[in-house]
Amino acid sequence: MTPEQNKTAEKMTSVKAAWDKAPAGPKKDAALKHCQAAEKANTAKNDAETNKELDAATHALA
């Protein structure tokens, strides 16, 4: 893995942990959609899109 991929993987783990701890509600639902999109982008090896979706998920949880 490249350093960029490692950072993306760490970020995904961090965002998923934050999502797990979040209370149920519209913010968590919105973040879930971004997390799913991030996983899809990650599967396609699109780090830029993955990071964009992870940032959006983080923002949705805020």
Peer 1: Linking I/L/V/M/F/W/Y whenever their side-chain heavy atoms sit closer than 4.5 Å, directly or via other members, would L32 and L61 fall into one cluster?
Peer 2: yes

Peer 1: Using a 3.5 Å cut-off and no angle test, enumerate the donor-acceptor pairs between side-chain atoms of residues 17-28 and protein atoms at least two apart in sequence or in another chain.
Peer 2:
residue	atom	partner	partner atom	Å
W19	NE1	K28	O	3.0
K27	NZ	A62	O	2.9
K28	NZ	W19	O	3.4
K28	NZ	A22	O	3.3

Peer 1: Quick one: list whatever passes side chain to side chain donor-acceptor pair (under 3.5 Å) with K40, sequence neighbours left out.
Peer 2: none

Peer 1: Restricting to non-hydrogen atoms, name the atom on A57 and the atom on V15 that form the minimum distance, rounded to 0.1 Å.
Peer 2: CB-CG1, 3.8 Å

Peer 1: Please list, chain by chain and in numerical order, all residues satisfying side chain to side chain donor-acceptor pair (under 3.5 Å) with E39, sequence neighbours excluded.
Peer 2: K16

Peer 1: Once you round to the nearest 0.5 Å, how far does CD of E10 lie from CG of L54?
Peer 2: 12.0 Å

Peer 1: Going by the rule side chain to side chain donor-acceptor pair (under 3.5 Å), which residues pair with D29 if we only count those two or more places apart in sequence or in a different chain?
Peer 2: none

Peer 1: Taking only residues two or more places apart in sequence, or in another chain, which ones meet K11 in a side chain to side chain donor-acceptor pair (under 3.5 Å)?
Peer 2: D55

Peer 1: In chain order, what residues pass the side chain to side chain contact (heavy atoms under 4.5 Å, CB included) check against A60, with sequence neighbours excluded?
Peer 2: A30, A31, H34

Peer 1: With sequence neighbours left out, what residues match K7 under salt bridge (Lys or Arg N to Asp or Glu O under 4.0 Å)?
Peer 2: none

Peer 1: Nearest 0.5 Å, please: how far is OG1 in T8 from CG in N42?
Peer 2: 7.0 Å

